[in-house]
Structure formats: C-alpha cells, structure tokens
Amino acid sequence: MAEPYITLVSSLPYLTSFERAERSPITQLRLEQRLHNLEPGDAKQLAIAEGLISWRMSLAKPKTDKEMVLRYRAAQQEISQPALREFIEFRIDQQTILAGLRQSKTVFESAFLEQASGASRWAAFIASHWDIPDFKLAAVYPWIPEARSYLDNNDACGLDKLMMSIIWRRLSLIAESNRFGFEAVFAFVFKWDILQAWLARDAVQAKSRFQELINEVKNDR
Amino acid sequence: MEPLILTLGWIGLYAPLALGAVGSMIGCARAGSAACGALLEVEGGYGRYIGVAAMPSSQTIYGIVVTMALRRDLTIENAPGIFGLGILVGLAMLYGAIALGDACASSINVSKSKLEVFGISLAPAALVEGFSVFAFVFALVLAAAIPK
C-alpha cells in the first residue's frame, strides 16, 4: 500500500475525541503549514472536499440545496481519490437524509426530490417513502430514529453531536485503512474540522450568525 | 551448465548482504520519515526517535555475517546450496527490514503523543526483529553443512 505521507502524518498531533477535547492541539496556521507537504493534486482535492462538506462556517459553502448539488457534481469530476470520494458520498447521503427528516413535515416529497435529486443515491428512495418516519432506511442508517427524535425535540446540539460522532467514527476507520497515506491526512483534517466546530460553539455567536443568515435570505429576495 | 550453476552460486553468496541492504534502506527511510515528522511535534527527546529509525539497519549486519559465513571457493557441488540458502535468507532480511521500518514508524507515530507507550509500542518491532534473528541464526547453522 502506498504510504507517501509518513512524515506529514507523524507531524500531526493526536486528536482526542471532540466531546472530551478542551482545546485544539494544533492551530489552523500550523495545520496549513504542515499540509504544504501534500502533493498539489491531493491538496486541490482536499480543498474541494472541504468547501463541500466541512462543518466550519468560515468556509464558503453552498447556501441552497440546488447549489450544493451543482457543486457536488462538479466535485465528482475533480476528485479521483477513491476514499475521499467515498467519504464525500457518505456525507452527502447523510445530509440528504437529514434534509429529508427536516422537510418531511413541511414540504411535499416532490419539492424535496426537485431540490435533492442528483446528489444522493437515496433522494428518490426517500421521496417514495416520504410518510414513513425513517424512510425505510433505518436498517442501513441506524441513527435515523435518534436524529428524528432530536429534530422533534428541537435539540440542535444533540443532533450535531450525533452527526459528528458518526462522522468521527467513519474517519477513524478511514485513517486506519492507510495509516500513512492520503486517507490518514484527510481523515485528520476533517476530524480537526469537527473539533474546531465543536469547540467554537457559542450561543451569542450562533445568534448573530443566525441573524446574518436571515439578512442574507432577505437581501436575496 | 557449469558456468550457470557457478553464477547462481555467486548470486546466492552476495544475496544476503545485497537484499538485506535494500531492505534496510527502505525500512530506515520509512522509520526516518516518521521520526522527522515527529521532531516537529515534540519538544525534546529527539535522539530516541532517530535511534528507533535506525533499527532496520540490523538486517544489513546480519546479511554481512551470512555472506561471510557462506564465503568459500565455489564449486559445482556447493554452488546450488549457497544459491538456495543465500537467496532465501536474503529475502527474509529484505522483507524483515521493510516490516521493521513500518513497525518503527508506527511506534514513533504513537509515542510522540503519548511518551509512556514508547517502550511497549516497540514490542511489534522487537517481534519482527526476532524473526529476522531466527532466519539469520539458522542460515549460519545450515551454512556450516555446505561443502567447502
């Protein structure tokens, strides 16, 4: 197995689980410096993936589902690393299911399908099982009932924690598949991204961010 | 036919050293790369990481000793034995050094964040080294049975 990033992986600190971490073990600046050791092609693919599926608000991310689908399709052309493609698919599937859970009580399935088609392989399946609480997907994604209960209870923090835990575990498995390869590097970057997002939780900032989003939507209209 | 058999004998004679050296180069490069990365992350104790990175060089030393043990005037009688023994022990040294490099790189990677596991994290490397020693010792024993 190719292990081209032994030095880079060894220069990255150990990341404690985001739930237990009190601070980030590496700053953004330091991480970016270390990531300069990536091959240009790998660095480009990582940047595209970050723009698409990262947690941090600071990155310019798609604002609408349609925009997300378009950017995802463009990313599929650019990203050739199999593990990264698979991880992006996993995240897009997860986001599509979450969008379905959020919208299932407020919009019709046709509206959902129009927004989400072309992104996840599950979009049509979800639309065809729109009235079933878990879209008949609980066997594949056991976290759906729990996510549904968080949504029903308006527990955004609990939902975020659940999603982050699922992604964290997935990234740990990916990193183990090639401990000194690109897989380990991008798994670290996305774990660090989750950690940053978790540590940056702030009720006051969230309120002001929410206001910003409302203003953006108003201005768009 | 005789020149071919003698050529194979020469190959077998030098294989333990050559293959062991190739393995050590790859193993030391891997473990050394991990050590260099770890140096960026730790505040001190650099020597221990560089020391661990040098562990895969032992296969070259074993190769030198086996080559010296196999050294004799090559004849049609002893060349096949030297070839068989030399190639096989050489391959064992080659793969052993590469595997040792991987084990050392992993050890360096984990112990940079948790120094207390430094010793125990070297256990897999010690196991790999142990298998190399088996191959080395029995090559010496069998070398004595090859006609002079």
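Numbered from 1 within each chain, the chains take letters A, B, ... in sequence-line order.
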Per-residue contacts, residues 12-20 of chain B versus chain A, heavy atoms under 4.5 Å:
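Residues of residues 12-20 of chain B touching chain A at under 4.5 Å: none.
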
Sort by residue number and list every member of residues 52-90 of chain B having a non-hydrogen atom under 4.5 Å from chain A.
none

Taking the six-membered ring for Trp, are A/Phe18 and A/Trp198 parallel (under 30°), tilted (30 to 60°) or perpendicular (over 60°)?
perpendicular

All pairs passing ring pair (Phe, Tyr, Trp, His ring centres under 6.0 Å) where residues 93-131 of chain B contributes a residue, at least two apart
none

Over all atoms of both residues, closest heavy-atom pair of [X] and [Y]:
| X | Y | answer |
| --- | --- | --- |
| A/Ala75 | A/Leu52 | CB-CD2, 4.0 Å |
| A/Ala83 | A/Glu183 | CB-CG, 3.5 Å |
| A/Val9 | A/Arg179 | CG1-O, 3.4 Å |
| B/Leu40 | A/Arg34 | O-NH2, 3.5 Å |

In this structure, CG of B/Leu6 is separated from CE of B/Met1 (nearest 0.5 Å) by 11.0 Å

What residue in B/Ser33, B/Ala105, B/Ala31 has the most heavy-atom pairs under 4.5 Å with chain A?
B/Ser33

Looking at A/Ile167, A/Ile174, A/Ile53, which one forms a side-chain contact (heavy atoms from CB on, under 4.5 Å) with A/Phe190?
A/Ile53

A/Leu12, part contacting chain B, at a heavy-atom distance under 4.5 Å:
backbone

A/Gln94 and A/Arg91: side-chain donor and acceptor closer than 3.5 Å?
yes

Applying side-chain contact (heavy atoms from CB on, under 4.5 Å), can you list everything that pairs with A/Ser120, at least two apart in sequence or on another chain?
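Listed in chain order: A/Ile92, A/Asp93, A/Thr96, A/Trp122.
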
